[in-house]
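I have placed the structure first, in the form of structure tokens, so that the comments after it can refer back to it.
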Amino acid sequence: YDQSISPKQFHLGMFEIGRPLGKGKFGRVYLARERSSGFICALKVLFKSELQHGTGVEKQVRREIEIQSNLRHPNILKLYGHFHDSKRIFLILEYAGKGELYKHLRKENRFPEWKAAQYVAQMASALKYLHRKHVIHRDIKPENILVGIHGEIKISDFGWSVHAPNNRRQTLCGTLDYLPPEMIRSGSKDNWYNEKVDLWSLGVLTYEFLVGEAPFEDTPIMTQKRIARADMTIPEWVSKEAKDLIKKLLVLDPEKRLPLEEVENHPWILKHCVKGERAANREKMASKM
Ligand SMILES: Cc1nn(C)cc1-c1nc2c(-c3cnn(Cc4ccccc4)c3)c(Cl)cnc2[nH]1
């Protein structure tokens, strides 16, 4: 992605717009091609009218742009640039060739252990990168993960991420299933800005990949109660190694959750993910820095 097609100023006329790819709570995403280079991307269109001034959503979009623009990792969806016109804001995003992960999960019902382990290893690598940059995603769930053309996963939608520590008030919406106990419990919100919240969500994600439903799925009231007690049962047909990892992530005390380095070296992950030599060397170099 060389400089020749990344001028500082983008505008709509530079793109041919293709088919709609999907829509979210705010805005739609279209397949797009940058005319001069033929570069394929995904164009996310948000209507300013939908982002009432001063509401959390406008700040979320600003934060999404600010945070995601500076991230470079194979398992994080790239934000190449943004621009706006009188009515709309446009985000120029990396095109993920195999679409939304949750659609694959619903279609397959649940993933075989080898596939779930590879996805969890990629998530752990992406979260390690984010946490090293003091970014907490805080909204890890299948709906916010896309699949690249080579089957690799890409975390997207940084609308809920924050630079730790952060004193902005957050209103919650959407599913409760992935919320960690410290975000369910009222009282001090300090823990909301501790990156350990992403470890809990990684545990919920691992469970949902393997079982096909979230561990605390219930009525909203019961879900909150079950999360607060880490009250879940793991089906007996889940392998003991996978059970072990889930239990070490879904721990009420954030400080006692398995650190990402240990997730990447967990027996269940090592059993299914042969780390390429180059990746292993990169890790070794990074750990020496
Ligand atoms: C769908 C689909 N099928 N195939 C084969 C590829 C895709 C694909 N989708 C994307 C998408 C994509 C689409 N929808 N969404 C969900 C959404 C939409 C609007 C606001 C917030 C969230 C993301 C992206 Cl960003 C980036 N790349 C994408 N690739």
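For ligands, and for the atoms within them, numbers begin at 1 and follow the listed sequence. In this chain, residues are counted from 1 in sequence order.
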Please state which option from G27, G97, A96, G148 has its nearest heavy atom closest to atom 8 (C) of ligand 1.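 Checking each option, the heavy atom nearest atom 8 (C) of ligand 1 is found in A96.
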Write out the residue and atom name of the closest protein heavy atom to [atom], then the distance separating them to 0.1 Å.
{"atom": "atom 26 (C) of ligand 1", "answer": "E94 O, 3.4 Å"}
{"atom": "atom 16 (C) of ligand 1", "answer": "E100 OE1, 3.6 Å"}
{"atom": "atom 3 (N) of ligand 1", "answer": "R19 NH2, 3.4 Å"}
{"atom": "atom 9 (N) of ligand 1", "answer": "L21 CB, 3.8 Å"}
{"atom": "atom 19 (C) of ligand 1", "answer": "G24 N, 3.0 Å"}

Under 6.0 Å between ring centres: does that hold for H11 and F83? no
Return the NZ to CD distance between K128 and E195, rounded to the nearest 0.5 Å.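 Reported to 0.5 Å precision, the distance equals 13.5 Å.
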Look up atom OH in Y207 and atom OH in Y178, then write down how far apart they are to the nearest 0.5 Å.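 It comes to 11.0 Å.
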Residue-ligand contact S156/ligand 1, heavy atom below 4.0 Å: no
Quick one: does E64 get a heavy atom under 4.0 Å from ligand 1?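 Not so, E64 does not reach ligand 1.
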Taking atom CZ of R28 as the centre, report whether more than 12 heavy atoms of other residues, nucleotides or ligands fall under 6.0 Å from it. no
Is it the case that more than 12 heavy atoms not belonging to H131 sit under 6.0 Å from its NE2 atom? yes
Pairwise side-chain contact, L91 with I65, heavy-atom cut-off 4.5 Å (strictly under): yes
Indicate, as side chain, backbone, both or neither, the part of L146 found under 4.0 angstrom from ligand 1 when only non-hydrogen atoms are considered.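 Within the 4.0 Å criterion, L146 contacts ligand 1 through side-chain atoms alone.
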At under 4.0 Å between heavy atoms, what of K23 touches ligand 1? The answer is backbone
How does the hydrophobic cluster around Y95 look, that is, which other residues are in it when side-chain heavy atoms under 4.5 Å mark a link? L21, V29, L31, I40
Apply the hydrophobic cluster definition, ILVMFWY joined by side-chain contacts under 4.5 Å directly or through others, and give me every member besides I221. none
Pull out every atom of ligand 1 sitting under 4.0 Å from any heavy atom of [X], numbered as shown with elements.
{"X": "K44", "answer": "20 (C), 21 (C)"}
{"X": "F26", "answer": "20 (C)"}
{"X": "G99", "answer": "2 (C), 3 (N), 4 (N), 6 (C), 7 (C), 8 (C)"}
{"X": "G22", "answer": "13 (C), 14 (N), 18 (C)"}

Give a yes/no verdict on a cation-pi contact between R110 and W237, requiring under 6.0 Å between NZ or CZ and the six-membered ring centre and an angle within 45° of the axis. yes
